[in-house]
Amino acid sequence: MSLHRLRSITIGVPAVDAVRSFYRDFGLAETREGRFETADGGEQLQIAPSPRRMLLGLTVGVDGADDLDRAATALAELGIEAWRGLSSLSAIEPITGVQVELIVEPRVAQQPPPHLPINVPGEALRVDARSPAVST
């Protein structure tokens with residue numbers, strides 16, 4: 001099975017505003033109230049009210065319909081009911097109640113980080129200048 005990306009997670013917490021503040025301070029961008037995005041993955045985190053801290057939902061990207069078919073077969077063998085859409089498969093984990101979804105989607109194409117000039121023996125790329133890594 002080709003699970004290739006964490007598409008999203010939903011976390012339940014008792015103190016939603018405090019947790020939202022934590023993730024903003026951590027550097028995630030809040031796109032809507034309680035929803036955060038990462039630089040490479042887009043909107044991947046949702047914070048929701050819950051009586052205790054717990055995982056409420058998980059969505060994972062897969063390569064194709066074959067991956068959904070294999071997962072559906074494995075779930076059926078375990079006796080777990082799953083719902084199949086054209087490009088998705090959903091199930092609820094029976095013990096914790098976490099909703100898990102697999103979705104067919106393209107892989108994320110991450111951009112390499114910018115090359116930072118570094119001074120090495122015999123090659124001074126930065127003369128009398130701080131590295132950009134210090135200020136980024």
Side-chain angles (χ1 to χ4, degrees):
M1 179 177 300
S2 297
L3 306 176
H4 60 77
R5 76 175 282 202
L6 174 63
R7 187 168 192 260
S8 68
I9 61 171
T10 302
I11 300 173
V13 297
V16 172
D17 291 335
V19 173
R20 287 175 51 215
S21 176
F22 169 80
Y23 283 110
R24 282 192 302 268
D25 291 347
F26 186 70
L28 297 182
E30 190 168 15
T31 56
R32 293 180 282 165
E33 189 173 312
R35 293 179 177 264
F36 295 86
E37 71 178 7
T38 62
D40 293 324
E43 193 175 277
Q44 289 184 295
L45 174 63
Q46 180 177 353
I47 305 301
S50 174
R52 60 185 169 81
R53 179 176 280 276
M54 60 189 291
L55 180 64
L56 299 174
L58 172 71
T59 305
V60 178
V62 300
D63 284 326
D66 292 348
D67 297 320
L68 299 177
D69 293 338
R70 281 193 298 278
T73 300
L75 289 170
E77 289 173 0
L78 294 171
I80 298 174
E81 185 178 4
W83 301 271
R84 176 72 194 274
L86 186 61
S87 61
S88 66
L89 177 72
S90 298
I92 295 177
E93 200 283 327
I95 305 298
T96 63
V98 173
Q99 181 174 345
V100 179
E101 184 174 26
L102 302 179
I103 295 181
V104 176
E105 62 183 5
R107 291 178 178 254
V108 173
Q110 290 183 297
Q111 298 298 320
H115 177 71
L116 298 176
I118 58 171
N119 290 340
V120 295
E123 185 176 4
L125 299 175
R126 293 179 292 100
V127 178
D128 297 329
R130 285 185 163 271
S131 169
V134 172
S135 60
T136 51

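What you see is a predicted model; the values in this text were computed from it and never measured.
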Non-neighbouring partners of [X] that pass side chain to side chain contact (heavy atoms under 4.5 Å, CB included), sequence neighbours left out:
X	result
Thr73	Glu77
Ile11	Ile9, Val13, Tyr23, Leu45, Ile47, Arg53
Ala91	Leu75, Ile80, Ala82
Ser21	Arg24, Asp25

Would the distance check show the side chain of Glu30 and the main-chain N or O of Gly34 forming a donor-acceptor pair, the cut-off being under 3.5 Å?
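Yes; judged by distance alone, with no hydrogens or angles, the pair exists.
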
Report the distance from atom [atom1] of [X] to atom [atom2] of [Y], rounding to the nearest 0.5 Å.
X	Y	atom1	atom2	value
Leu6	Leu58	CG	CG	6.0 Å
Gln46	Glu33	CD	CD	11.0 Å
Ser90	Gln99	OG	CD	5.5 Å
Glu43	Phe36	CD	CZ	10.0 Å
Thr59	Arg5	OG1	CZ	10.0 Å
Leu102	Arg84	CG	CZ	9.5 Å

Smallest separation among heavy atoms of [X] and [Y], with atom names:
X	Y	answer
Ile103	Ser88	CG1-CB, 4.2 Å
Asp63	Ser2	OD2-CB, 2.7 Å
His4	Arg107	CB-NH1, 3.3 Å
Thr10	Leu55	O-CD1, 3.5 Å

Tell me whether Arg7 is salt-bridged to Glu101, with the criterion being a basic N under 4.0 Å from an acidic carboxylate O.
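No.
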
Does Arg52 have any side-chain hydrogen bond (donor to acceptor under 3.5 Å, both in side chains) partners at least two apart in sequence or in another chain, and if so, which?
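Here no residue qualifies.
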
Are [X] and [Y] in one and the same hydrophobic cluster, where Ile, Leu, Val, Met, Phe, Trp and Tyr link if side-chain heavy atoms are under 4.5 Å apart?
X	Y	answer
Leu89	Leu3	yes
Val60	Ile92	no
Val19	Phe26	yes

Could you list who else is in Leu56's hydrophobic cluster, with ILVMFWY side chains joined at under 4.5 Å, directly or through other members?
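The other cluster members (ILVMFWY side chains, heavy atoms under 4.5 Å, direct or chained) are Met54.
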
Does a sphere of radius 6.0 Å around CG in Leu78 hold more than 12 heavy atoms from other residues, nucleotides or ligands, not counting ones at 6.0 Å or beyond?
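Correct, the count exceeds 12.
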
